[in-house]
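Okay, structure first, notes after.
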Amino acid sequence: MDHISPDSPKAPGAPQEQRGTQRGRLLATPRPNNGATWLAVEAAPVFFVGLLIGTLASFPLLELLSRRLGLLVASLLIEACVGGVVIAWVALVHKGALRGLGWPSHSASEIGWGFGAGLVLYAGAVLVVGELLAALYHLISGRAVSAPHQLPTHLPGAALAVAGAAVLLAAVSEELFFRGFMFRSLRRRHSFYVSGAVSALLFGAAHYKSGPWQNSFLLVGVMVFVGLGLAYISERRDNIAAAMGAHAAFNVVGFVVIVLSQR
């Protein structure tokens, strides 16, 4: 069943073709009443403030913990701080609430819907887009192509638990920032096509890992596709809870695949 957003009513029982045409028109026009009163450029200070706070908070732990565990805990803190700064910025600077970021009243059902959509998104991103990009980059470079690791390999028990917590927290924090703060602000003034593309490109760039160009571009390309898919889920359901569920599903499947491949 299609989700009906407050500012995009649909007549019950309308023919499928008519509903599709109406949805296409909605995607092509801004949504000025979506509650995002901030500007997209405010995402830059929000991100850097969260990054700075998380980095400073992680320094003592990097001295106390092993290198791999310390880096994982630092990643966890940075994710938490970026998400926390998003909420604080909206609440304090714009006097808003989570509803402005796209938080729905029935969050549990939306997260569940999104989790199922995220499984489909994972299959499309990794098994289709990823394989096509890997074949293209292999053809261009003549070298084997594989996505760089986003987590340390062969983690012991404590580090593995922290890594699992980090991938789940990333689903919350990154959705608050990329879809809740950035995409919804862009969407207030631009079409879905512009808003989705810009937020997806920045989402992909944020996942860049140094290494051979073909490996780095493979990861970025896949994550751009994922970012566009998450933006569409947020648009279709008119909230970020569904996008969080989809992002969590993508991260959980990827985490399980990485863990199993190292056994």
Side-chain angles (χ1 to χ4, degrees), residues 2-3 5 7-8 20-48 82-83 86 100-102 114 117-118 120-134 136-137 147 150 170-171 173-209 213-214 216-251 254:
D2 290 339
H3 180 79
S5 60
D7 56 349
S8 58
T21 301
Q22 184 180 32
R23 187 181 303 127
R25 288 198 299 267
L26 292 172
L27 292 176
T29 56
R31 296 185 62 180
N33 299 320
N34 69 356
T37 58
W38 51 90
L39 298 174
V41 294
E42 294 177 55
V46 165
F47 176 79
F48 285 113
V82 170
V86 168
L101 290 165
V120 177
L121 181 61
Y122 182 92
V126 175
L127 302 181
V128 179
V129 174
E131 291 299 322
L132 289 174
L133 288 177
L136 175 62
Y137 296 153
Q150 297 190 70
S173 176
E174 292 177 9
E175 289 313 303
L176 280 170
F177 180 77
F178 284 102
R179 257 61 62 180
F181 198 88
M182 184 182 294
F183 171 74
R184 286 179 71 85
S185 178
L186 289 167
R187 191 68 181 92
R188 186 176 176 223
R189 300 163 180 85
H190 304 284
S191 71
F192 169 80
Y193 306 108
V194 172
S195 308
V198 171
S199 60
L201 286 169
L202 292 173
F203 179 73
H207 288 82
Y208 174 84
K209 299 288 183 182
W213 71 264
Q214 59 270 32
S216 299
F217 277 35
L218 173 60
L219 178 59
V220 170
V222 168
M223 297 312 293
V224 168
F225 177 83
V226 171
L228 192 59
L230 291 170
Y232 182 74
I233 290 170
S234 179
E235 171 80 12
R236 180 71 180 271
R237 304 301 292 181
D238 194 31
N239 65 77
I240 59 167
M244 284 181 182
H247 198 150
F250 184 92
N251 284 4

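- The nearest pair of heavy atoms linking Gly196 to Ala231 is CA-CB, 4.2 Å.
- Rounded to the nearest 0.5 Å, atoms CG (Leu132) and CZ (Phe225) are 10.0 Å apart.
- Residues that satisfy the side-chain hydrogen bond (donor to acceptor under 3.5 Å, both in side chains) test with Gln214, not counting sequence neighbours, are absent from this structure.
- The closest side-chain heavy-atom distance from Phe183 to Leu230 is not below 4.5 Å.
- Atom CG of Asn33 sits about 9.0 Å away from atom CZ of Arg31, to the nearest 0.5 Å.
- Side chain of Glu42 to backbone of Leu39: a donor-acceptor contact under 3.5 angstrom is found.
- With contacts defined as side-chain heavy-atom distances shorter than 4.5 Å, the pair Arg179/Phe203 qualifies.
- For Phe48, the side-chain contact (heavy atoms from CB on, under 4.5 Å) partners two or more places apart in sequence, or in a different chain, are Leu51.
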Which pairs of donor and acceptor atoms, one on a side chain in residues 241-249, lie under 3.5 Å apart (sequence neighbours left out)?
unit_1: His247; atom_1: ND1; unit_2: Glu175; atom_2: OE2; d: 2.6
unit_1: His247; atom_1: NE2; unit_2: Glu174; atom_2: OE1; d: 3.4

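- Considering only residues two or more places apart in sequence or on other chains, Ser199 meets the side-chain hydrogen bond (donor to acceptor under 3.5 Å, both in side chains) condition with none of them.
- Taking all atoms of both residues into account, the shortest heavy-atom contact from Ser173 to Gly83 is OG-N, 3.3 Å.
- Arg188 contributes atom CZ, which lies 9.0 Å from atom CH2 of Trp38 (distance to the nearest 0.5 angstrom).
- Contact of the Tyr208 side chain with the Leu219 side chain is not registered, since no non-hydrogen atoms from C-beta on lie closer than 4.5 Å.
- Contact of the Leu121 side chain with the Val226 side chain is registered, since non-hydrogen atoms from C-beta on lie closer than 4.5 Å.
- Considering every non-hydrogen atom in both Leu127 and Glu131, the closest pair reads O-CG, 3.2 Å.
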Point to revise | Pair Leu202-Met182, side chain to side chain contact (heavy atoms under 4.5 Å, CB included): steps then yes or no | key: CA-CA 10 Å; Leu202 292 173; Met182 184 182 294; 3.5 Å; yes

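- Looking at Pro30 and His190, their side chains never come closer than 4.5 Å, going by heavy atoms from C-beta outward.
- Side chains of Leu176 and Phe181 form no contact here, defined as non-hydrogen atoms less than 4.5 Å apart.
- One distance of note links CD of Glu235 with OH of Tyr193; it measures 9.5 Å at 0.5 Å rounding.
- Residues satisfying the side-chain hydrogen bond (donor to acceptor under 3.5 Å, both in side chains) criterion with Tyr122, sequence neighbours excluded, are absent altogether.
- Judged as a side-chain hydrogen bond (donor to acceptor under 3.5 Å, both in side chains), and not counting sequence neighbours, Arg184 has no contacts.
- A distance of 10.5 Å separates CD1 in Ile233 from CG in Leu228, rounded to the nearest 0.5 Å.
- Scanning all heavy atoms of the two residues, the minimum distance from Ala36 to Asn34 falls at N-OD1, 3.1 Å.
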Exercise for review: Take Phe177 and Val46 through the test side chain to side chain contact (heavy atoms under 4.5 Å, CB included) and record every step on the way to the result.
Suggested key: CA-CA 9 Å; Phe177 180 77; Val46 165; 4.2 Å; yes

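- With rounding to the nearest 0.5 angstrom, the CG atom of Leu101 is 12.0 Å from the CG atom of Asn239.
- In plain terms, the two heavy atoms of Leu27 and Ser191 that are nearest each other are O-CB, 3.4 Å.
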